Amino acid sequence: MQTKAHRRDRQQLDILSLDECLAAIDASPIGRVGFTVDGQPFILPVNHLRDGMRVAFRTASGAKLDAARAASLVAFEVDGHDLDTRSGWSVLAVGTATLADEIMTSHLEARALEPWANGIGRDRWIVVQLRNVSGRRIAVEREPATTTDTESPDRQEST
Amino acid sequence: MNSTTLPLDRNNLEVLDLETCLDLAGSVPIARVAVNGPGSPIVLPVTHVVIDAKVAFRSASGSKLDAAIMAKPITVEADQWDLATRTGWSVVFRGTAETLHDPELEKRLAGLVEEPWIGSSRPMQWIVVRVNEVSGRRIPPPADA
């Protein structure tokens, strides 16, 4: 998260580059997965790993696993904030969730720490292939933006 | 947070009672909202307030979030994690998003929070989540701690 000049969106938020977004995902120990079950959005915190344009996390049986079985589109989000400067950032990605196969599972197990919640059966990995990745940051300084892209929608950065 | 024994779910997570959920969710400045976007959910952070067992946050009029949420299902999640002890909690509110039409509540909300973090040039409006369900889980510290 360097301070070079960023383009800003309509809300005067800095638009983060893909590299910055991926670095933010790596630097965040906890991410959140958003998915839809029967029309209701859900959010669950996860302890994730990134592998290229994929993020992976373990899960026990339940709603996350069901979403992955259905190969559904899910959201993956990380964020951070600083109370002193009232600044913050977030990265939102969208992708298709699938259950990891055996090869992917052993690859992930080799890289992973043991799961946090010492729960039984947290042994299935879900992999999200990231498609759209976008990131925004509250600009700490309040000077006028260097460039303002007034026509683009709020969050449509695509990879 | 006292040490009364809370029930565990099947993943060995503590099941938080309503009062604990509201206390914890109100103790952190940032929460995340999830709404159904076109094709996939959208998850965005908000600076929120917990009041009268409801959750409120501000949104810029005309923003993508604003367009997606009105009178539709919404989920608000707050959490906090301690990397050193590998513990943490997460509280989830499920409900419906509404614009605020209660001047009394608006006055109380305005007294609770400072100006929004995002210096948007567009007007900010309060969104109140009419909550249908609150649930919370906590990773308990190791038994020998």
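Proteins get letters first, then strands, A, B, ... in listed order; numbering begins at 1 in each. Note that the structure is a prediction, hence the values are computed from the model and not measured.
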Which atom of Val131(B) lies closest to which atom of Ala53(B), heavy atoms considered: CG2-O, 3.7 Å
Electrostatic pair Asp14(A)-Arg7(A), nearest N-O below 4.0 angstrom: no
Chain B contact via Phe76(A) - which portion, at a heavy-atom distance below 4.5 Å: neither
Top contributor to chain B interface from Val94(A), Asp79(A), Val33(A) [non-hydrogen pairs under 4.5 Å]: Asp79(A)
Top contributor to chain B contacts, counting heavy-atom pairs under 4.5 Å, from Pro41(A), Gly95(A), Pro45(A), Gly34(A): Pro41(A)
Any donor-acceptor N/O pair, His6(A) side chain to Arg137(A) backbone, under 3.5 Å: no
Interface moiety of Val74(A) toward chain B, non-hydrogen atoms closer than 4.5 Å: backbone
Polar side chain donor-acceptor pair, Glu20(A) to Ser17(A), under 3.5 angstrom: yes
